[in-house]
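Right, one structure below, let's go through it.
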Amino acid sequence: MKITGVKGMNDILPAAVGRWHEMERLAREVFHLYGYREVRTPAVEHAALFARGVGEATDIVNKEMYVFEDKGEELLALRPEGTAGTVRAFIEHGCHVEGLQKWFYIGPMFRRERPQKGRYRQFHQIGCEAFGAGQPAVDVEQIALLADLFARLGVTTDLKLNSVGDATCRPAYLASLKGYLQGHAGALCADCRDRIERNPLRVLDCKVESCQPVLQGAPRLLDALCPGCKDHLDAVTSGLDALGVTYRLDPRLVRGLDYYTRTAYEFASDALGSQSAVAGGGRYDGLVETLGGQPTPGIGFALGQERLALILEAVGRAPPEQGPAVFFLSADEQGAREALKRASELRKLGIACDLDPRGGKMKTQFKQAERVGARYAVVLGGNEAASGEAKLKNLETREETPVRLDDLAARLRG
RNA sequence: GUGAGUAUAGCUCAAUCGGUAGAGCACUGGACUGUGGAUCCGGGGGUUAAGGGUUCGAGCCCCUUUACUCACCCCA
């Protein structure tokens, strides 16, 4: 039986890893510009954390989470998302006493779903959380941060924005929505009839043609917002306007996790196929308290790295791999020894170089030099070892110029 | 979990009516004894996803299984 990779868990080979470095480098840079600091938390948490934080009834927890018993002692889970663990760490280390905390993380998440384009069982997210400020200015700053990151990546996205209300207005709205949907259940598709009880907000997002007339007449959450939520939303939109961030208010935008309150947003790209969301986020003012911490407002987003990689691929953004400055070719035994010695010297000086330990034909060695992306090549043999003189060949222009081996470092730096 | 599609060399794909499995790329050897990308000649590579059936004969037809892909549900 051949051993293969696990379904939905992918290898990222060296040829593709440049894109990942690029997005992570830019993300760290942008987070730094906006005052976010990196946090690293484990990929494994107690299963109960997600049940309580994300929501027992959500698909993510009740059908997609990898749960296992650790030697019969406790129930653990591979994290299906990043917020719950980050909040757990925030509470556990008493970070609420330190005022506003802006954190970001980069790492793998796990959900046991059927894989498809842009959806995998191990996937990677770049996410952030801002704890301790309920002001709409935080929402604005965070959305602008994401827009900034996409701009730097050269990626165009559509931003959808909505408010999902809070504890004062959402329950009443949900009740009236449920009532309305139950009254029109006969005109809805089978999926929607199921969703009425389980996840009524999702019904609003149904794409089935026959459901549309009912949805047109449904009560709108935006109309049912309490004054606090309404003011918050107005402040967010005017803040985005002031910063020149373009968005579209989408009353049908729903977030799948239970903990969201007020602001919900999503960045989508048409380069992605069916799973078009590349990043999604929102406010969760009750979550810290739900997980046992002091009441602390929070807001965060998660960005799917695989999805971003797909977009970068589609728009043809592939940063070139950084090859070594010089590649040593050996013409004979003496040259091979000289190559090893010179490479060692350059590496100690911080200059990347490489050589072909297999020796052999010039043609093969030149191909290897080309393959690793070296900028220059130097052929070494007995003559060069003895005289200390060689030719420095520019692999792009194929021009050769004489060089003293002792001057190599200076030449490559210049 | 549901539905559809696909499965032939490392990669991308051919193979007529069912008649002994081929090309390009890649790798590798040579033409070229110390200078690559062009050209030419050669070489290695395959249980045609697996198992069963029909047939004189199956890559091709039928059945089962598996894997992958896309979509639904849901989400990054």
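Here is how names work: the chains are called A, B, and so on, in the same order as the sequence lines, proteins then strands, and each is numbered from 1. Excluded from the calculations below are hydrogen atoms, water molecules and symmetry mates; all remaining heavy atoms, backbone and side chain alike, are included.
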Subject >> Parallel, tilted or perpendicular: rings of A:Y66 and A:F110 (30°, 60°) >> reply: perpendicular
**OP:** Under 4.0 Å between any heavy atoms, over every strand shown, what does A:E81 touch: base, sugar-phosphate, or nothing? Just pick one.
**Re:** nothing
Original post:
Can you tell me how far P of B:G36 sits from CD of A:E396, to the nearest Å?
Top reply: 18 Å
Subject >> Any donor-acceptor N or O pair under 3.5 Å, side chains A:T401, A:R411 >> reply: yes
Subject >> Separation of atom NZ in A:K63 from atom C1' in B:G1, rounded to whole Å >> reply: 7 Å
Original post:
Is there a side-chain polar atom (N or O) of A:S269 under 4.0 Å from OP1 or OP2 of B:A76?
Top reply: no
Subject >> Nucleic acid contacts of residues 298-310 of chain A, taken as heavy-atom distances under 4.0 Å to RNA chain B >> reply: A:A302, A:G304, A:R307
Subject >> side-chain hydrogen bond (donor to acceptor under 3.5 Å, both in side chains) partner of A:Q305, chosen from A:H124, A:Q125, A:E24 >> reply: A:E24
Original post:
What nucleotide, of B:U69, B:G34, B:C74, holds the atom closest to the side chain of A:P115?
Top reply: B:U69
Subject >> For atom CG of A:L272 and atom C1' of B:A71, their distance in whole Å >> reply: 15 Å
Original post:
Ring centres of A:H32 and A:Y36 under 6.0 Å apart?
Top reply: no
Original post:
If you find the nucleotide of RNA chain B closest to A:N10 and the one closest to A:N394, which residue's nucleotide is nearer the 5' end?
Top reply: A:N394
Original post:
Base, sugar-phosphate, or nothing: which does A:Y120 touch, judged by heavy atoms less than 4.0 Å apart?
Top reply: base
**OP:** Would you mind classifying the nucleic acid contact of A:T4 as base, sugar-phosphate or nothing, using non-hydrogen atoms under 4.0 angstrom?
**Re:** nothing
Original post:
Does the side chain of A:R371 come under 3.5 Å of the side chain of A:Q368 through a donor N or O and an acceptor N or O?
Top reply: yes
Subject >> Among B:A76, B:G36, B:G34, the one nearest A:L395 by side-chain distance >> reply: B:G36
Original post:
If you look at every strand shown and take non-hydrogen atoms under 4.0 Å, does A:V278 touch a base, only sugar-phosphate, or nothing?
Top reply: sugar-phosphate
**OP:** Compute whether any side-chain donor of one residue and acceptor of the other, for A:D148 and A:Y34, lie under 3.5 angstrom apart.
**Re:** yes
Original post:
Looking at B:C72, B:G34, B:C74, which one has an atom nearest to any side-chain atom of A:E384?
Top reply: B:G34
Original post:
Where the side chain of A:V379 is concerned, which of B:G36, B:C68, B:G34 is the nearest nucleotide?
Top reply: B:G34
Original post:
Side-chain contact, heavy-atom cut-off 4.5 Å: A:L201 with A:L177?
Top reply: yes
Original post:
If you take atom types as modelled and just measure distance, does the side chain of A:Q365 reach the base of B:U35 with a donor-acceptor pair under 3.5 Å?
Top reply: no
**OP:** Report yes if the side chains of A:L233 and A:L225 come closer than 4.5 Å at any heavy-atom pair, otherwise no.
**Re:** yes
Original post:
When all nucleic acid strands are considered with a 4.0 Å heavy-atom cut-off, which category describes A:G335: base, sugar-phosphate, or nothing?
Top reply: nothing
Original post:
Touch check for A:K393, heavy atoms < 4.0 angstrom, all strands: base, sugar-phosphate only, or nothing?
Top reply: base
Subject >> Gap between atoms CE and P, on A:M362 and B:G30 respectively (whole Å) >> reply: 13 Å
**OP:** May I ask you to establish whether A:K361 and A:F366 are in a cation-pi arrangement, using a distance under 6.0 Å from NZ or CZ to the six-membered ring centre and at most 45° from the ring axis?
**Re:** no
Original post:
Do the side chain of A:K361 and the base of B:G29 come within less than 3.5 angstrom through a donor-acceptor pair of N or O atoms?
Top reply: no
Original post:
Do A:R114 and B:G3 have a side chain to base donor-acceptor pair shorter than 3.5 Å?
Top reply: yes
**OP:** Whole angstrom is fine here: how far is it from NZ in A:K367 over to P in B:A38?
**Re:** 7 Å
Subject >> Candidates B:C75, B:C72, B:G36 - which lies nearest the side chain of A:I60 >> reply: B:C75
Original post:
What integer distance in Å separates A:Q116:CD from B:U6:P?
Top reply: 19 Å
Subject >> A:Y265 versus A:Q142, side-chain donor and acceptor atoms under 3.5 Å >> reply: yes
**OP:** Please state whether the phosphate of B:C72, meaning OP1 or OP2, lies under 4.0 angstrom from any side-chain nitrogen or oxygen of A:S274.
**Re:** yes
Original post:
What is the distance, rounded to the nearest whole Å, between atom CZ of A:R358 and atom C1' of B:C27?
Top reply: 10 Å
Original post:
How long is the line joining NZ of A:K117 and P of B:C70, in whole Å?
Top reply: 6 Å
Subject >> Whole-Å C1' distance, B:G22 and B:G45 >> reply: 14 Å
Original post:
Given the rule that a pair is Watson-Crick or G-U wobble with both distances under 3.5 Å, how would you write RNA chain B in dot-bracket, using | for pairs to a different strand?
Top reply: (((((((..((((.....[..)))).(((((.......))))).....(((((..]....))))))))))))....
**OP:** Identify whether any heavy atom of A:R112 sits under 4.0 Å from a base atom; if not, whether one sits that close to sugar-phosphate; answer base, sugar-phosphate or nothing.
**Re:** nothing
Original post:
Taking C-beta and beyond as the side chain, do A:L349 and A:R413 meet within less than 4.5 Å on heavy atoms?
Top reply: yes
Original post:
Within the pair A:R371 and B:G36, is there a side-chain N or O less than 4.0 Å away from OP1 or OP2?
Top reply: no
Original post:
Can you find a heavy atom in the side chain of A:S344 that is under 4.5 Å from one in the side chain of A:K348?
Top reply: yes
**OP:** Report yes or no: is there a donor-acceptor pair, N or O only, under 3.5 Å between the side chain of A:D332 and the base of B:G34?
**Re:** no
Original post:
With respect to the phosphate group of B:C74, does any side-chain polar atom (N or O) of A:R255 fall under 4.0 Å of OP1 or OP2?
Top reply: no
Subject >> Side chain A:Q275 and base B:A71 donor-acceptor under 3.5 Å >> reply: no
**OP:** Compare the minimum distances between each of B:A71, B:C75, B:C68 and the side chain of A:R202, then state the nucleotide with the smallest one.
**Re:** B:C75
